[in-house]
Amino acid sequence: YYKYLNIGLKMPISTGTDWFMYDFARVYAEVRGPLTVASWLDAVKAGRCQATNGPLLTLKIDGQSMGSVIELKDRTTLKIEASAVGRHSLQRLQLLQNGKVIKTQLATAAEPGRIQLNHEVRIDGPAWFAVRIDSDTKNEFDRTLFAHSSPIYVQFEGRGVFDVEAARGLLK
């Protein structure tokens, strides 16, 4: 998935019960307006979604949500707010930039099922950001918890992410 994002494709994340692991795997989408099949599919296509088997995520960058494209012309600092909430211990929430973990926020003993992450990133080039949980906690089907957001994309001076090594890897 990350290799495709790193060659500039804008891809929403998705999952479902036809995935290779049978558990609570679902995609949740932020529908705007009345809930219909078409509006739900539009939300997934726009990337306003997350894949999870339980925990729910939020991600905002300078007020923009999952699936958004932020256009920048100059170097700047982005304010990132993210969270995870679930009924089990979540352990860690990770912030990704172009597929690499740039910040990890740990759950606390007082609130093991809730994590809040606030971070600032100085940016001087194109990027994509997403959040995911990293946990070895098991759900009711004895499957490891997972949750991953769709990205927020940053275009810089009209350019999106393009990683030559990711492209070479996909060509192989």
At what distance, to the nearest 0.5 angstrom, does CD of E120 lie from CD1 of I61? 12.0 Å
Are L78 and V161 linked, directly or through other ILVMFWY residues, by side chains that come within less than 4.5 angstrom of each other? no
Can you confirm whether I115 sits close enough to Q91 that some side-chain heavy atom of one is under 4.5 Å from a side-chain heavy atom of the other? no
Should the heavy atoms of other residues, nucleotides or ligands under 6.0 Å from NZ of K138 be counted, would the total exceed 12? yes
What closest approach, in Å, do A51 and T15 show between heavy atoms, and which atom pair accounts for it? CB-CG2, 3.6 Å
Show the nearest heavy-atom pair for residues V154 and F129, with the distance to one decimal. CG2-CE1, 3.9 Å
Side-chain contact, heavy-atom cut-off 4.5 Å: V69 with K10? yes
Donor-acceptor pair, D163 side chain versus K3 backbone, under 3.5 Å? no
Looking at P55 and A147, what are the two nearest heavy atoms and their distance? O-CB, 3.7 Å
Going by an N to O cut-off under 4.0 Å, is there a salt bridge joining E30 and R32? yes
Give me the ring orientation class for Y1 and H148: parallel if the planes are under 30° apart, tilted from 30 to 60°, perpendicular past 60°. perpendicular
From R132 atom CZ to T52 atom OG1, the distance as rounded to the nearest 0.5 Å: 14.0 Å
Measuring from T58:OG1 to M66:CE, what's the distance to the nearest 0.5 Å? 6.5 Å
For F162, does the CZ atom have more than 12 heavy-atom neighbours from other residues, nucleotides or ligands under 6.0 Å away? yes
Please check: side-chain N/O of N98 versus main-chain N/O of W128, any donor-acceptor pairing under 3.5 Å? yes
Should the heavy atoms of other residues, nucleotides or ligands under 6.0 Å from CZ of R92 be counted, would the total exceed 12? yes
Y2 atom OH, neighbour heavy-atom count above 12 within 6.0 Å: yes
4.5 Å side-chain heavy-atom contact, L57 and L93: yes
So does I102 get a backbone contact from the side chain of Q97, meaning a donor-acceptor N/O pair under 3.5 Å? no
Among the clusters formed by ILVMFWY side chains lying less than 4.5 Å apart, do V85 and F146 turn up in the same one? no
Measure from the side-chain N and O atoms of N139 to the backbone N and O of L145, and report whether any donor-acceptor pair falls under 3.5 Å. no
Of all heavy-atom pairs between A130 and P151, which one has the smallest distance, and what is that distance? CB-CA, 4.3 Å
Can you tell me how far the OG1 atom of T137 sits from the NE2 atom of H88, to the nearest 0.5 Å? 8.5 Å
Are V27 and V31 linked, directly or through other ILVMFWY residues, by side chains that come within less than 4.5 angstrom of each other? yes
Does the S149 side chain pair with the main chain of V131, one donor and one acceptor, at a distance under 3.5 Å? yes
Using every non-hydrogen atom in the two residues, find where S68 and S65 come nearest and quote the distance to one decimal. OG-O, 2.7 Å
Measuring only between side-chain heavy atoms, which start at C-beta, is I152 closer than 4.5 Å to I70? yes
Just by modelled atom types, is the R75 backbone N or O under 3.5 Å from a matching donor or acceptor in the D124 side chain? no
According to a hydrophobic-cluster definition based on side-chain heavy atoms being under 4.5 Å apart (Ile, Leu, Val, Met, Phe, Trp, Tyr only), do M11 and V44 belong together? no
Rounded at 0.5 Å granularity, tell me how far CD in Q94 sits from CG in D134. 4.5 Å
Looking at every non-hydrogen atom in both residues, tell me the closest pair between L117 and Q105 and how far apart they are. CD1-CB, 3.8 Å
Which value, rounded to the nearest 0.5 Å, describes the distance between D74 atom CG and I123 atom CD1? 13.0 Å
Quick one: does any side-chain atom of S150 pair with a main-chain N or O of I13 as donor and acceptor, under 3.5 Å? yes
Identify whether L95 and I133 are in the same connected component of the hydrophobic contact network (ILVMFWY, side-chain heavy atoms under 4.5 Å). yes
